[in-house]
Participant: 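Quick one: structure below, then a few questions.
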Amino acid sequence: MAYWLVKSEPDECGIDDFAAKPDDTIPWDGVRNYQARNFLAKMAPGDEVFLYHSSCKQIGVAGVIRVVLAAYPDPLQFDPDSSYYDARSSPEKPRWQAVDMQFVEKFRGVVPLQTLKSQPELSELPLVRRGARLSVMPVSDSEWRHILSLAARQ
DNA sequence: GCCAACGTTGGC
DNA sequence: GCCAACGTTGGC
């Protein structure tokens with residue numbers, strides 16, 4: 001089993017959206033960055049994922065979700081009405097992938113970005129590197145445990 | 001709202 | 001294949 005971190009604006013899809021329907025799966029779609037897509041494609045059912053809230057009041061890791069369905073072609077890339085439409089994509093040659101996620105846990109408090117940045121144990125995490133824009137990234141076992149322990153102190 | 005950092009595009 | 005211009009991300 002592998003660990004990951006994904007970014008989202010909570011206005012779009014945050015931990016509360018998952019918590020509101022814990023038995024449902026929610027498509028993680030709209031990823032339009034090649035490096036992020038390549039990580040998405042490597043996700044397997046059962047993998048656990050930190051959900052990071054960006055561009056909001058409480059920036060940081062808000063909880064845990066889980067991969068339920070491995071990567072499949074993102075339907076939005078074929079939808080001309082979607083802002084995620086990609087004319088260069090076709091069903092025969094899809095360019096973008098999505099996965100399905102499900103709620104696991106909402107932390108009592110968000111683990112703030114500032115806290116994450118202050119941890120020497122997390123210095124390799126792309127999230128805390130300057131100007132990092134990657135929205136899907138792998139998390140090592142030790143980084144996973146460390147962030148979980150920070151969450152437990154919230 | 002600002003703006004630095006970054007990824008992508010497209011002319012050459 | 002280089003690189004300037006452009007658009008976007010995302011913290012502040």
Side-chain angles (χ1 to χ4, degrees), chain A residues 2-20 26-43 47-67 70-101 103-140 142-144 146-154:
Chain A
Y3 297 116
W4 308 93
L5 181 146
V6 298
K7 291 183 191 173
S8 176
E9 300 185 13
D11 290 347
E12 302 289 328
C13 184
I15 196 68
D16 287 333
D17 295 285
F18 283 93
I26 296 181
W28 201 261
D29 49 23
V31 172
R32 293 294 180 268
N33 168 282
Y34 290 105
Q35 204 183 352
R37 178 204 63 184
N38 293 343
F39 285 131
L40 262 196
K42 290 183 179 169
M43 290 184 177
D47 285 0
E48 293 197 302
V49 183
F50 283 132
L51 182 54
Y52 175 87
H53 285 177
S54 66
S55 303
C56 60
K57 201 143 196 179
Q58 293 205 53
I59 295 164
V61 178
V64 178
I65 55 182
R66 178 196 299 119
V67 179
Y72 57 91
D74 180 350
L76 299 180
Q77 70 194 310
F78 309 126
D79 178 3
D81 295 330
S82 169
S83 57
Y84 294 111
Y85 176 66
D86 189 340
R88 302 164 300 183
S89 244
S90 68
E92 295 74 32
K93 264 200 151 185
R95 182 173 297 222
W96 305 110
Q97 303 283 111
V99 300
D100 284 356
M101 304 276 210
F103 179 71
V104 173
E105 176 189 8
K106 176 182 177 176
F107 295 151
R108 264 188 301 165
V110 170
V111 182
L113 177 60
Q114 263 196 322
T115 302
L116 299 171
K117 280 182 171 171
S118 72
Q119 308 293 307
E121 295 89 340
L122 302 178
S123 61
E124 297 300 312
L125 195 64
L127 184 74
V128 303
R129 312 206 80 119
R130 200 169 62 119
R133 296 171 63 176
L134 189 59
S135 63
V136 180
M137 68 192 75
V139 174
S140 73
S142 62
E143 288 164 345
W144 183 268
H146 192 78
I147 294 173
L148 275 188
S149 75
L150 294 173
R153 282 177 232 158
Q154 294 294 311

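Because only heavy atoms are used, hydrogens play no part in the values below, and waters and symmetry mates are left out as well, while side chains stay in. Worth saying up front: this structure is predicted, and the values here are computed from it rather than measured. Lettering follows sequence order; numbering is per chain, from 1.
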Participant: Answer whether the closest heavy-atom distance between the side chains of A:Leu125 and A:Leu116 falls below 4.5 Å.
Facilitator: no
Participant: Looking at A:Phe18 and A:Cys13, what are the two nearest heavy atoms and their distance?
Facilitator: CE1-SG, 3.6 Å
Participant: Between A:Val136 and A:Leu134, which heavy-atom pair has the shortest distance, and what is it?
Facilitator: O-CG, 3.3 Å
Participant: Name the nucleic acid region contacted by A:Arg129, choosing base, sugar-phosphate or nothing; use a 4.0 angstrom heavy-atom cut-off, strictly under.
Facilitator: nothing
Participant: Side chain to side chain contact (heavy atoms under 4.5 Å, CB included) with A:Pro10: which of A:Lys57, A:Gln58, A:His53?
Facilitator: A:His53
Participant: Kindly assign one of parallel, tilted or perpendicular to the pair A:Trp144 and A:Tyr3, based on the angle between their ring planes and the thresholds 30° and 60°.
Facilitator: parallel
Participant: Can you confirm whether A:Phe78 is buried at CZ, in the sense that more than 12 heavy atoms of other residues, nucleotides or ligands lie under 6.0 Å from that atom?
Facilitator: yes
Participant: Not counting sequence neighbours, list each pair that qualifies as a salt bridge (charged side-chain N to carboxylate O under 4.0 Å, His left out) and has a residue in residues 27-40 of chain A.
Facilitator: A:Arg32-A:Asp74
Participant: Contact list please: residues 26-42 of chain A against DNA chain C, heavy atoms, distance less than 4.0 Å, in numerical order.
Facilitator: none
Participant: Using a cut-off of 4.0 Å between protein heavy atoms and nucleotide atoms, how would you tag nucleotides 5-10 of chain C 5' to 3' with B, S and -?
Facilitator: --BBSB
Participant: Would the A:Trp96 and A:Tyr72 ring centres measure less than 6.0 Å apart?
Facilitator: no
Participant: Contact class for A:Lys57 (heavy atom, under 4.0 Å): base, sugar-phosphate, or nothing?
Facilitator: nothing
